Number of protein chains: 4
Amino acid sequence: MRLAFFGDVVGKSGRAAVIDNLPDVKFDLGLDFVVVNGENAAGGFGITEKIANDIFDAGADCITLGNHSWDQREMLTYIEREPRLIRPYNYPQGLEIPGRGAHLYTLPDGRRIYVIQIHGRVFMDSLDDPFQGVLRALQEAPLGVVADAIIVEVHAEASSEKACLAHLIDGQASLVVGAHTHTPSADDQIYPGGTAYMTDAGMCGDYDSVIGMKKEIIIQRQTTRLPSPRMEPADGEGTMCGVFVETDDATGLATRIDPIRIGGRLKETFPKL
Amino acid sequence: MRLAFFGDVVGKSGRAAVIDNLPDVKFDLGLDFVVVNGENAAGGFGITEKIANDIFDAGADCITLGNHSWDQREMLTYIEREPRLIRPYNYPQGLEIPGRGAHLYTLPDGRRIYVIQIHGRVFMDSLDDPFQGVLRALQEAPLGVVADAIIVEVHAEASSEKACLAHLIDGQASLVVGAHTHTPSADDQIYPGGTAYMTDAGMCGDYDSVIGMKKEIIIQRQTTRLPSPRMEPADGEGTMCGVFVETDDATGLATRIDPIRIGGRLKETFPKL
Amino acid sequence: MRLAFFGDVVGKSGRAAVIDNLPDVKFDLGLDFVVVNGENAAGGFGITEKIANDIFDAGADCITLGNHSWDQREMLTYIEREPRLIRPYNYPQGLEIPGRGAHLYTLPDGRRIYVIQIHGRVFMDSLDDPFQGVLRALQEAPLGVVADAIIVEVHAEASSEKACLAHLIDGQASLVVGAHTHTPSADDQIYPGGTAYMTDAGMCGDYDSVIGMKKEIIIQRQTTRLPSPRMEPADGEGTMCGVFVETDDATGLATRIDPIRIGGRLKETFPKL
Amino acid sequence: MRLAFFGDVVGKSGRAAVIDNLPDVKFDLGLDFVVVNGENAAGGFGITEKIANDIFDAGADCITLGNHSWDQREMLTYIEREPRLIRPYNYPQGLEIPGRGAHLYTLPDGRRIYVIQIHGRVFMDSLDDPFQGVLRALQEAPLGVVADAIIVEVHAEASSEKACLAHLIDGQASLVVGAHTHTPSADDQIYPGGTAYMTDAGMCGDYDSVIGMKKEIIIQRQTTRLPSPRMEPADGEGTMCGVFVETDDATGLATRIDPIRIGGRLKETFPKL
Ligand SMILES: [Fe+2]
Ligand SMILES: [Fe+2]
Ligand SMILES: [Fe+2]
Ligand SMILES: [Fe+2]
Ligand SMILES: [Fe+2]
Ligand SMILES: [Fe+2]
Ligand SMILES: [Fe+2]
Ligand SMILES: [Fe+2]
């Protein structure tokens, strides 16, 4: 199967990067399933139904959220009726949390793709144990048994936490990919057990910025330690950043992983098929 | 001028990656000056005089340290007699701190290269304000006035802090490059003011690991939250990770930036001259 | 029932404060059950079997641990054969963790006291969700049904997390008392639901110190940001710090709460019966 | 001299506690100078000119701020024309920061009181080094030379950082008192060098709450990890919490320190003269 994951879409520049490029990318790579992290799509803070629909229309099959899931309050209800939205899985067990943290999607040809979002707890507001969380989620739809492919997004700050989680489930997922730092990593590889890994997919947004936001505002705030004008997304041309994975349909494990970066300030890279 | 910076050398695998590859890389790229971060070279924790000499012998002109500067206590005295070692600049002002946080090196042809290491304060044990620190350091040897090239290492965890600092001094340094996360970023670019930037150079070490350390030990510790055996570096073949920058000798600003990754598990990339 | 809890015993000064005073205190107050936090009893780092026995011999019926539970490695086995030791309850569920996080003790007269230790996750290495954890622990031995009295230690840094947890279970425990900051709070009170609360019991140790450790060493480390000699406990006369609670045997709820501070530098305070 | 410091005033309950009690307290104790922390006086977030004036009218001679200094944006200008307001001292040096971090006040009889607010950097958004900061501030008006009394507020989370700073300047200030945790400590004492110390003065506010805010809202947020209604101050009867210090006019050092707690849910305590 051919899968792609694109990192945190930040503001209008990020949305344009995805909407302008995703249809062609999906066609050129023959993608079966596309996941986009949308937690910063609405002015940097959360996402709205309207924006989500624009991203779905461009070809996303699933939009993940993160620590910014609920910045736009409409999400608390919208997510209940939109199964293509995924929020972090490891909310406290036993509580009624809106939406879902993992979902099994079925392709027209019957193949099934399981998407899980796990939220880190190092240097972040903590949810439940990400390690026990991902193991529990995987039991619901094991790779090669229930799911033909599994994409796990680790929404986390620390590279050590992401790599640790990926090794823990190496062989049980097709792809473990990080998001949240808004910085693409150059460490895409297939781990020994067959799981493709990349510490962070990077953001979709303007890279002449501080993690997608206007640099002048953040520089002022960081250097003076005083309140600054409200942060807003940088509005230069965005780069669409993500990762492509091909899996073996027999095992669900990865056979290749390649970064994708299109447009904007970063050097372009695209899988050669 | 042609410069290169290589990220945190982790243990024996990292040392071998640097020592085996650096001589050829230096020759092939015609490098004028090479900086290597060595804070994890000795079993993952600090560096020793012997190991530093091995890395100098392989072609490093300067070794930077970081939050692990003093893990090997001999460093507190060794650093005093070795001007090629750089520790974080932003220790409390006015105190007698061993070693130096910035230094101006002179090439045989008289050109001068200024190296600064700045320590972040987000998600880390804090030193002094990194922003005021780097501005103060730059005043001591301004680019194009005193220094022909300036390399600033931001030893920091948060990508936002690194990018913010780089934008702050965009135009005043040849290169701002991050270290400490042990994860190479794929966002190398030249900022509008002419400063080359890359969020993290990545580590030199075994990438079948958790940030260079044996994965089994860290998985055990992270999943059980119990004490584990002492962490030790992973010992598979290492990747040498870093960045190449070419500067305009008239201005000291960057004219190109390219990642370097050689050996081990990551995909190789090398500047085409 | 008459209960007392004493906070983190730090080093020899702390041990002496407890061992010298506890027998008399237990007699004078007619205490039915005494809990002592012992996580810093052995030179500031953990506890040993020998030291635990000294504290039991002085009158402790239960010793709690905390984030320093395993600093002395013998604890991993000793705790398995000593039911009077309690470590944090909220380790990852489903794993084999040595010892117990909650235990029901039976007095000679048949009354039962349930002790739970919950570990915070704000500003600390995180274990599992403390809120779901304490609720789960309480279900195992509900107050007034299984347990005649319940003592919950919140081993946590942030006062907000401690108060939040206490309000959450107000009416379901006799006492919620914090430990870990090594600073006694002056906010002992009975919450509206009948649970006695105190943000921190304070340490048993020398208060001419930095949280029980020699001040000179910590000042040197904090001001220079350089490595210092190994921390060691301050060795002036210690203060025994804790809290006394009386419960209604019919409900298990608190009828009074009073601080106890004896010896050393802090002003003495003792419940007047 | 007779001095008092009262901790973070939280919302209407906190304001009422101060305004109703301060006039009598000032008279009964014969206070020469009163400092009140006002950073949470306006609905929990910052303070306004109107509220500050109410607190000044009740008898405060100085109002300190903290990490919430600028929550109400009018403060950025109001502070410029009101010398009785003190914000953290350790903002980046060399920048134009509104207001002042230390100030020397002169009593009608000519005696001078120097007030400094230092902001911590452990578990908080970091300002500059608090240790070098306080030493620099003290040089501007040394005790016994320029100032007849010196009050240092350490606005910080960690008890270790507060005690370390107090020991560092023991003998150079009349009082070092913490604020920010909203929890009164019971460790008031005079350090060996003559400086009175108390880890935290505690808040002025309703103690049937989570650090002064409505408990139901915080419990909901903490247990579900979902957004909750906006936090607001609890509105039960507040306790006025603070500390009384008497100094030796010859040296400026402390001769006694006593807690003050009046009204609301906490046990009352008042210095006996
Ligand atoms: Fe995020
Ligand atoms: Fe994001
Ligand atoms: Fe580091
Ligand atoms: Fe490192
Ligand atoms: Fe602790
Ligand atoms: Fe402790
Ligand atoms: Fe505060
Ligand atoms: Fe406050």
Side-chain angles (χ1 to χ4, degrees), chain A residues 122-124 129-132 135 157-168 170 178 180-192 197-203 207-213 215-216 218-219 221-225 236 239 241 257-259 261 264-267 269, chain B residues 122-124 129-132 135 157-168 170 178 180-192 197-203 207-213 215-216 218-219 221-225 236 239 241 257-259 261 264-267 269:
Chain A
V122 177
F123 310 141
M124 308 181 79
D129 179 350
F131 306 108
Q132 293 304 309
L135 291 173
E157 177 70 31
S159 46
S160 57
E161 190 176 31
K162 292 171 178 177
C164 183
L165 187 140
H167 283 300
L168 175 69
D170 182 18
H180 177 70
T181 71
H182 292 204
T183 304
S185 66
D187 61 346
D188 50 288
Q189 60 169 301
I190 298 177
Y191 272 167
Y197 174 69
M198 185 170 171
T199 297
D200 206 297
M203 70 163 172
Y207 277 83
D208 181 14
S209 68
V210 176
I211 59 169
M213 307 307 272
K215 60 189 178 186
E216 296 80 7
I218 296 189
I219 288 175
R221 184 179 295 198
Q222 291 302 318
T223 56
T224 64
R225 316 305 277 171
T239 304
C241 282
I257 176 169
D258 288 291
R261 285 185 285 279
R265 300 182 63 87
L266 298 194
K267 287 161 195 163
T269 180
Chain B
V122 178
F123 310 141
M124 310 180 78
D129 179 350
F131 305 108
Q132 294 303 310
L135 292 174
E157 178 70 32
S159 46
S160 57
E161 191 175 30
K162 293 171 178 176
C164 183
L165 187 140
H167 282 301
L168 175 70
D170 183 16
H180 178 71
T181 70
H182 292 205
T183 304
S185 67
D187 61 347
D188 50 288
Q189 60 168 302
I190 298 176
Y191 272 167
Y197 174 69
M198 184 170 172
T199 297
D200 206 297
M203 68 161 172
Y207 277 83
D208 181 14
S209 68
V210 176
I211 60 168
M213 307 306 273
K215 59 189 178 185
E216 295 80 9
I218 297 189
I219 287 175
R221 184 179 296 198
Q222 291 302 317
T223 56
T224 64
R225 317 306 276 173
T239 304
C241 282
I257 177 168
D258 288 290
R261 284 185 286 278
R265 299 182 63 86
L266 299 195
K267 287 162 194 160
T269 179

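First the proteins, then the strands, lettered A, B, ... as listed; each starts at 1. For clarity, every value in this text was computed on a predicted model and none was experimentally measured.
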Chain A contact via [X] - which portion, at a heavy-atom distance below 4.5 Å:
X: B/T181; result: both
X: B/I218; result: both
X: B/S185; result: both

Open item on the list: Tell me the closest heavy-atom pair linking B/T183 and A/D187, and the distance in Å.
Closed with: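 Minimum heavy-atom contact is CG2-OD2, 3.6 Å.
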
- [ ] Report the residues that fulfil ring-ring contact (aromatic ring centres under 6.0 Å, His included) with B/Y207, sequence neighbours left out, ordered by chain and then residue number.
- [x]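 Result, ring-ring contact (aromatic ring centres under 6.0 Å, His included) vs B/Y207: none returned.
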
Which of the residues [options] is involved in the greatest number of heavy-atom pairs with chain B at under 4.5 angstrom?
options: A/M213, A/E157, A/K162; result: A/E157
options: A/D200, A/D208, A/L165; result: A/D208
options: A/P259, A/S209, A/G202; result: A/S209

What is the distance from atom [atom1] of [X] to atom [atom2] of [Y], rounded to the nearest 0.5 Å?
X: B/L168; Y: A/Q222; atom1: CG; atom2: CD; result: 10.5 Å
X: B/T224; Y: A/Q132; atom1: OG1; atom2: CD; result: 10.0 Å
X: A/K215; Y: B/H167; atom1: NZ; atom2: NE2; result: 5.0 Å

- [ ] Kindly write out the residues that satisfy side-chain contact (heavy atoms from CB on, under 4.5 Å) with A/D170, not counting sequence neighbours, or none if the list is empty.
- [x]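 Applying side-chain contact (heavy atoms from CB on, under 4.5 Å) to A/D170 gives A/Y191, A/P192, A/T195.
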
TODO: Might you work through the side chain to side chain contact (heavy atoms under 4.5 Å, CB included) test for B/I257 and A/K267, ending with a clear yes or no?
DONE: CA-CA 10 Å; B/I257 177 168; A/K267 287 161 195 163; 4.2 Å; yes

Task: Contact winner vs chain A - B/C164, B/A166, B/A163, heavy-atom pairs under 4.5 Å - done: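 Highest number of heavy-atom pairs under 4.5 Å: B/C164.
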
TODO: Using non-hydrogen atoms and a 4.5 Å limit, figure out which bit of A/S160 sits close to chain B: side chain, backbone, both or neither.
DONE: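 For A/S160, the contact with chain B is made by backbone and side chain together.
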
Task: Region of A/I190 in contact with chain B, defined by heavy-atom distances below 4.5 Å - done: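 Looking at A/I190, just its backbone touches chain B.
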
